[in-house]
Number of protein chains: 2
Amino acid sequence: MTPRSRQSNLPWLERKSSGNGQWSHELAESGGRISDLIAERIRTAVSDGILAPGSRLLSERELAQRLNASRESVREAYRSLEVAGLLVIRRGKEGGAFVREVDHEPITRSLSMLLRLGKTTHRELTEARLLIEPPIARLAARRATQSDIEAMGDLIDRHAAAIRGGDDPRKYDLQFHRAMAECAKNLPLTILMNSLADLMVEALSDVDIPLETRSRTVEFHRVVFDAIHKKDEERAFDLMQQHIGDVQKRLKKPWFHRKRTNHARARSKK
Amino acid sequence: MTPRSRQSNLPWLERKSSGNGQWSHELAESGGRISDLIAERIRTAVSDGILAPGSRLLSERELAQRLNASRESVREAYRSLEVAGLLVIRRGKEGGAFVREVDHEPITRSLSMLLRLGKTTHRELTEARLLIEPPIARLAARRATQSDIEAMGDLIDRHAAAIRGGDDPRKYDLQFHRAMAECAKNLPLTILMNSLADLMVEALSDVDIPLETRSRTVEFHRVVFDAIHKKDEERAFDLMQQHIGDVQKRLKKPWFHRKRTNHARARSKK
DNA sequence: CGATTTTTAAAGGTCAGACCATAACAGACC
DNA sequence: GGTCTGTTATGGTCTGACCTTTAAAAATCG
């Protein structure tokens with residue numbers, strides 16, 4: 001007898017009606033994939049708070065048995081939800097599928113990919129940034145906490161150090177914008193910002209940015225940071241608008257345009 | 001002899017190095033899932049334009065054979081990319097995986113889900129809308145084409161008809177905002193808008209909107225539409241700001257707040 | 001000949017069962 | 001107490017079979 005054979009009551013995984021143990025009925029609707037039905041139930045359970053972040057789902061084998069489905073169907077459901085950012089899957093003993101702490105990284109990735117494929121132009125990219133970054137800066141000035149501010153300060157210092165040391169500063173540039181978005185305490189805006197910043201970095205990945213521009217960037221960050229620190233909302237707004245406008249202007253110079261070669265893409269990953 | 005046994009040269013699916021036919025090397029990095037490696041190659045091929053939208057990938061069985069992997073690994077790769085919005089999968093003869101025409105619907109879904117889980121509050125939601133919808137209206141006024149305008153006009157008429165007929169007008173409300181975003185010709189903003197609008201509809205799904213408010217909404221749409229039609233950018237901007245501000249105000253009335261019951265969620269789907 | 005029905009085959013979807021790889025844990029051994 | 005070493009639960013992969021769906025091809029009918 002396995003130690004966990006007690007009926008641990010998982011009402012959320014029940015079908016709404018017709019308990020005969022077959023799937024056929026719901027399959028008719030929904031374009032018919034068992035794994036999708038399973039995924040949908042889990043999604044609902046999570047979004048209704050029945051499955052809290054961090055909690056562990058049944059193992060593939062066990063859920064399959066309970067649902068009267070094959071392991072593969074369950075597996076596919078879990079996998080989809082992982083791609084969608086809802087679950088994390090860990091291997092090994094004590095592994096399994098866990099409801100993910102809310103984290104927009106997977107969405108940011110998908111969104112970036114989609115925008116890239118959608119042939120999002122530099123025009124759209126900077127246009128969008130021009131519209132959303134200044135308001136974000138304003139919100140950041142309004143809402144940044146002490147620790148937010150410390151983190152940003154550190155970031156800028158490291159950014160400056162990287163430039164002095166001749167290292168690639170793009171990473172820090174990106175992080176600054178992300179950190180600022182974090183301060184604004186507005187999830188939708190944060191996610192969009194992150195995706196845009198990602199793409200921006202990628203778009204510039206094969207451009208050689210002159211040293212003068214690099215230090216100009218970090219100085220810009222510093223004054224924006226200063227405005228945020230002092231909670232000067234309007235100044236933060238104006239400076240950020242200026243900053244993005246500056247970038248936009250530089251992008252228009254012909255020498256700056258991205259080479260249309262079939263170059264290596266920026267591989268994200270850790 | 002099967003008719004398609006010719007070596008159809010698919011260089012993109014080759015490993016970069018070491019052609020011995022095993023996966024072990026790349027598996028070491030990358031946290032190790034063959035399906036992820038396959039997915040990554042396809043993703044790269046698509047984003048480099050080697051696989052054009054609409055083109056059909058090899059069948060699961062065939063790709064598995066060529067890659068010396070199991071069908072399941074390929075299948076999982078395809079499935080992940082489908083969730084990510086990169087592929088569509090069709091069943092039946094002449095079915096298979098196709099590179100999707102760029103379409104942000106899957107991302108919109110994921111994003112909405114994520115925002116919902118992130119306990120995005122009404123405050124964040126309307127705040128974000130207040131920031132991005134007016135600029136979108138302005139862009140729409142600048143860039144709407146003739147057919148865009150016709151579509152919007154139709155929509156408004158149907159919206160009004162639905163209200164007169166006592167039908168649920170929410171659908172049309174949503175569609176109006178989507179259509180407007182479409183006019184702005186800015187993909188990142190469009191995607192965000194769509195997600196926000198989706199969430200908004202959902203958040204209001206169990207609120208009973210009084211008739212007076214309903215017609216007010218459609219009238220608002222009409223004047224915004226008018227401004228867009230006449231390419232009056234600033235008026236479109238102002239009106240939209242007013243519109244969202246109006247919504248925001250109504251949301252603050254206590255009777256309007258969503259019941260915190262464990263009610264049924266808005267099921268999207270077709 | 002053209003429209004309709006039937007057949008067929010190619011593809012994804014599901015299943016079952018085996019085995020591999022990984023990672024935490026429990027003891028055994030120093 | 002710390003390190004090694006098996007044990008074991010769990011996801012990852014593979015095989016090969018069968019089901020279901022769907023479009024095209026063939027057969028049938030008017």
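Keep in mind the model is a prediction, meaning the values are calculated, not measured. Basis for what follows: all heavy atoms, side chains included, without hydrogens, waters or symmetry-related copies. Lettering of chains follows the sequences in order, A, B, ..., and the numbering in each one begins at 1.
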So, OP1 or OP2 of [N]: does either fall under 4.0 Å of a side-chain N or O from [X]?
| X | N | result |
| --- | --- | --- |
| Ser59(B) | dA10(C) | no |
| Ser73(A) | dG13(C) | no |
| Arg61(A) | dG17(C) | no |
| Arg33(B) | dG12(D) | yes |
| Ser70(A) | dT14(C) | no |
| Arg71(B) | dG13(C) | no |

Starting at [atom1] of [X] and ending at [atom2] of [N], how long is that distance when rounded to a whole Å?
| X | N | atom1 | atom2 | result |
| --- | --- | --- | --- | --- |
| Arg56(A) | dA24(C) | CZ | P | 12 Å |
| Leu67(B) | dT13(D) | CG | C1' | 14 Å |
| Phe98(B) | dA23(D) | CZ | C1' | 11 Å |
| Ile34(A) | dA16(C) | CD1 | P | 10 Å |
| Leu58(A) | dA9(D) | CG | P | 15 Å |
| Asp36(B) | dG11(D) | CG | P | 16 Å |
| Glu62(B) | dA10(C) | CD | P | 12 Å |

Expected output: side-chain [X] to main-chain [Y] donor-acceptor under 3.5 Å:
| X | Y | value |
| --- | --- | --- |
| Arg56(B) | Gly95(B) | yes |
| Asp48(B) | Ile50(B) | no |
| Glu124(B) | Leu187(A) | yes |
| Ser55(A) | Leu51(A) | no |
| Asp148(A) | Thr145(A) | yes |

* Asked: Heavy atoms under 4.0 Å, any strand shown: does Glu94(A) hit a base, just sugar-phosphate, or nothing?
  ->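 Since only primed, P, OP1 and OP2 atoms lie under 4.0 Å of Glu94(A), the category is sugar-phosphate.
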* Asked: Looking across every strand, which nucleic acid part, if any, lies under 4.0 Å from Glu60(B) by heavy atom: base, sugar-phosphate, or nothing?
  ->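 Since only primed, P, OP1 and OP2 atoms lie under 4.0 Å of Glu60(B), the category is sugar-phosphate.
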* Applying salt bridge (Lys or Arg N to Asp or Glu O under 4.0 Å) between Glu60(A) and each of Arg75(A), Arg66(A), Arg79(A), report the one that passes. =>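 The residue from Arg75(A), Arg66(A), Arg79(A) that satisfies salt bridge (Lys or Arg N to Asp or Glu O under 4.0 Å) with Glu60(A) turns out to be Arg75(A).
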* Side chain of Lys93(A): nearest nucleotide among dA11(C), dA24(C), dA10(C)? ->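 Of all the options, the side chain of Lys93(A) is nearest to dA24(C).
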* Asked: Of the non-hydrogen atoms in Ala97(A) and Leu87(A), which two are nearest, and what is the gap between them?
  ->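 Ala97(A) and Leu87(A) have their closest heavy atoms at CB-CD1, 4.2 Å.
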* Asked: Quick one, which residues of residues 74-90 of chain A touch DNA chain D with a heavy atom under 4.0 Å?
  ->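 Result for residues 74-90 of chain A: Arg75(A), Ile89(A), Arg90(A), sorted by number.
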* When the nearest nucleotide of DNA chain D is assigned to Gly92(A) and to Glu72(A) on a heavy-atom basis, which residue is associated with the more 5' position? ->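 Taking each residue's closest nucleotide, the earlier one in sequence belongs to Gly92(A).
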